[in-house]
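Step one of this worksheet: look at the structure below.
Just so you know, ligand 1 is whichever comes first in the structure, and atom 1 is the first atom listed for that ligand. Source: prediction; values computed, not measured.
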Amino acid sequence: MTESSDTTDNPFFARLWTFLSSHETEEIQRLRTENLAGLSGRVLEVGAGTGTNFAYYPATVTEVVAVEPERRLEPHARAAAEKAPVPVTVSAGTVEKYLGGTDGEPFDAVVCSLVLCSIEDPDTVLRQLFSLLRPGGELRFLEHVGSGGFRGRLQKVADATVWPRMMGNCHTHRDTKASIVGAGFEVDRSRNEPALPAWFPTPVAEYTIGRATKPVAS
Ligand SMILES: C[S@@+](CC[C@H](N)C(=O)[O-])C[C@H]1O[C@@H](n2cnc3c(N)ncnc32)[C@H](O)[C@@H]1O
């Protein structure tokens, strides 16, 4: 892996994700649809990958600003943006870079899907995303989360060894919901879903999908 502060270059992960994101199961497509349903106004999408979410935005969304740092994925996101049902602008670079350069114009919503596992310091980034939302604005999340028991131990070993290196800095044992709450959001709905059949030998086991809001009085 080579990396500058603004972009990332993980050739193995980028090729794998390009393949996986074009062969998604109906189940993950259903979760993507649910994650974006009911959104409206101006949306920031963090780490858009190949732009898989773009097709699922409802017509009530007036603008999506999508950031994507991986240099082999960002062109796919741009191509997906051209076909999207709503206006999408793709910005090359990390969310950290974007947050450092934005003029602070508030967003109505932030979308994080399968990305908070890969951000170096999700607690800090979530606090900054919280600031960028208008009061009453929402965070939609679809993320894989840490498990207990044997799977949890496997995740810790994977996270300390090869998994982040192979998978674009993905960490499998994060408590993402705790980070969301720690940033000041109120989680008003969420549930966990199995990511793959329980027997499947991968450290990624469960998704959490939900909505968190920035309190109006914050
Ligand atoms: C597993 S992919 C998910 C892509 C997309 N969100 C989706 O749901 O299909 C993880 C994505 O997070 C991106 N990513 C990793 N670190 C990031 C960062 N610091 N800022 C923004 N995106 C990041 C990767 O480049 C990759 O596109």
Side-chain angles (χ1 to χ4, degrees), residues 1-25 27-36 39 43-57 64-81 84 88-102 107 109-129 132 139-145 158-159 163-172 174 176 179 193 195-196 202-204 207-210:
M1 176 182 91
T2 58
E3 198 161 318
S4 77
S5 58
D6 294 349
T7 59
T8 53
D9 186 11
N10 299 283
F12 172 78
F13 163 70
R15 286 193 191 101
L16 182 65
W17 191 253
T18 302
F19 176 80
L20 291 177
S21 61
S22 60
H23 293 79
E24 291 194 334
T25 60
E27 176 60 9
I28 181 79
Q29 291 173 4
R30 186 182 62 71
L31 289 172
R32 287 187 187 280
T33 306
E34 179 183 337
N35 195 35
L36 305 181
L39 284 176
V43 177
L44 174 64
E45 181 173 332
V46 179
T50 57
T52 319
N53 277 329
F54 299 165
Y56 300 94
Y57 279 103
V64 177
V65 176
V67 298
E68 175 48 49
E70 185 67 33
R71 74 178 188 84
R72 288 176 173 81
L73 297 182
E74 183 253 339
H76 290 283
R78 283 189 196 280
V88 180
T89 312
V90 177
S91 171
T94 60
V95 67
E96 292 88 338
K97 177 197 165 199
Y98 180 80
L99 289 165
T102 180
F107 284 91
V110 170
V111 169
C112 290
S113 75
L114 312 176
V115 66
L116 291 169
C117 55
S118 302
I119 287 174
E120 202 54 51
D121 181 354
D123 293 347
T124 299
V125 165
L126 279 163
R127 278 196 297 275
Q128 292 172 319
L129 292 171
L132 214 57
L139 169 69
R140 295 292 183 93
F141 55 92
L142 169 59
E143 295 286 338
H144 60 78
V145 286
D159 288 358
W163 194 264
R165 288 174 199 194
M166 285 171 55
M167 305 302 281
N169 205 39
C170 172
H171 293 76
T172 61
R174 286 191 172 164
T176 296
S179 296
E193 293 246 346
L196 292 161
T202 169
V204 174
Y207 295 125
T208 185
I209 178 167

Show me, pair by pair, the donor-acceptor contacts under 3.5 angstrom made by side chains of residues 11-19, not counting sequence neighbours?
| unit_1 | atom_1 | unit_2 | atom_2 | d |
| --- | --- | --- | --- | --- |
| Thr18 | OG1 | Ala14 | O | 2.7 |

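Taking the salt bridge (Lys or Arg N to Asp or Glu O under 4.0 Å) definition, one finds that Glu193 meets it with Arg30, Arg191, sequence neighbours left out. In this structure Glu70 satisfies the side chain to side chain donor-acceptor pair (under 3.5 Å) test together with Thr8, Asn10, sequence neighbours excluded.
Using a 4.0 Å cut-off between charged nitrogen and carboxylate oxygen, Arg174 and Glu143 do not count as a salt-bridge pair.
For a heavy-atom separation below 4.0 Å, the residues in contact with ligand 1 are Phe13, Trp17, Arg32, Gly47, Ala48, Gly49, Thr52, Asn53, Glu68, Pro69, Glu70, Leu73, Thr94, Val95, Glu96, Ser113, Leu114, Val115, Ser118, Ile119.
Between the side chains of Asn35 and Ser113, no donor-acceptor pair is found at a separation under 3.5 Å.
Nearest heavy atom pair, residue His171 against residue Asn169, reads ND1-O, 2.8 Å.
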